[in-house]
Amino acid sequence: MSHDATAHEHPSNRFYVLIAVVLAVLTALEVAVFYVEAMAPILLPVLMVMMVAKFALVVMFFMHLKFDSKVLTIVFVWGLFIAVCIILALMAVSGKFS
């Protein structure tokens, strides 16, 4: 079986463990930020940035999106955009922006 010209090398297991550690640290930071009262005024933007970072890491490496077609990237980014819009809309309706 010949290798395709678009073939690529996947990261090592060690790299995947590093990504998992980064995701765990980001999750711990999300929980910590929620309990720091001084962060209340900027809580939403901070949590949204961390959410997007975790999403990007998961889809790029664990779902191998980094190595797939750009069309799939567009599909996932569109899904992320819709999710963020729904979260913001629900927060607006429930009065959480006050």
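- The CZ atom of Arg14 sits 13.0 Å away from atom CD1 of Ile19, with the distance rounded to the nearest 0.5 Å.
- No chain of hydrophobic side-chain contacts below 4.5 Å, direct or via other Ile, Leu, Val, Met, Phe, Trp or Tyr residues, connects Val25 to Val49.
- By the rule that hydrophobic residues join a cluster once side-chain heavy atoms approach within less than 4.5 Å of another member, Val75 and Phe61 end up as members of separate clusters.
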Could you go step by step and tell me if Val59 and Leu80 meet the side chain to side chain contact (heavy atoms under 4.5 Å, CB included) rule? CA-CA 11 Å; Val59 298; Leu80 175 64; over 6 Å; no
Could you go through the side chain to side chain contact (heavy atoms under 4.5 Å, CB included) check for Met50 and Val33 one step at a time? CA-CA 10 Å; Met50 285 193 270; Val33 163; 3.9 Å; yes
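- Checked against the 6.0 Å centroid threshold, Phe62 and Tyr16 count as a close aromatic pair.
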Verify side chain to side chain contact (heavy atoms under 4.5 Å, CB included) between Asn13 and Val17, making sure each step is shown before the conclusion. CA-CA 6 Å; Asn13 289 342; Val17 170; 5.5 Å; no
Working for side chain to side chain contact (heavy atoms under 4.5 Å, CB included), residues Met48 and Ile87: CA-CA 10 Å; Met48 290 294 229; Ile87 290 168; 3.9 Å; yes
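- Side-chain heavy atoms closer than 4.5 Å link hydrophobic residues (I, L, V, M, F, W, Y) into clusters, and following such links, possibly through other members, connects Tyr35 to Ile42.
- Counting heavy atoms from C-beta outward, Leu29 and Val46 have side chains that stay 4.5 Å or more apart.
- Clustering ILVMFWY residues whenever any of their side-chain heavy atoms sit less than 4.5 angstrom apart, transitively, puts Val84 in a cluster other than the one holding Ile82.
- From Ser12, atom OG reaches atom CG of Leu18 across 9.0 Å, with rounding to the nearest 0.5 Å.
- Connection of Ile86 to Val52 is not established within any shared hydrophobic cluster, with ILVMFWY side chains joined at heavy-atom distances below 4.5 Å, either directly or through further cluster members.
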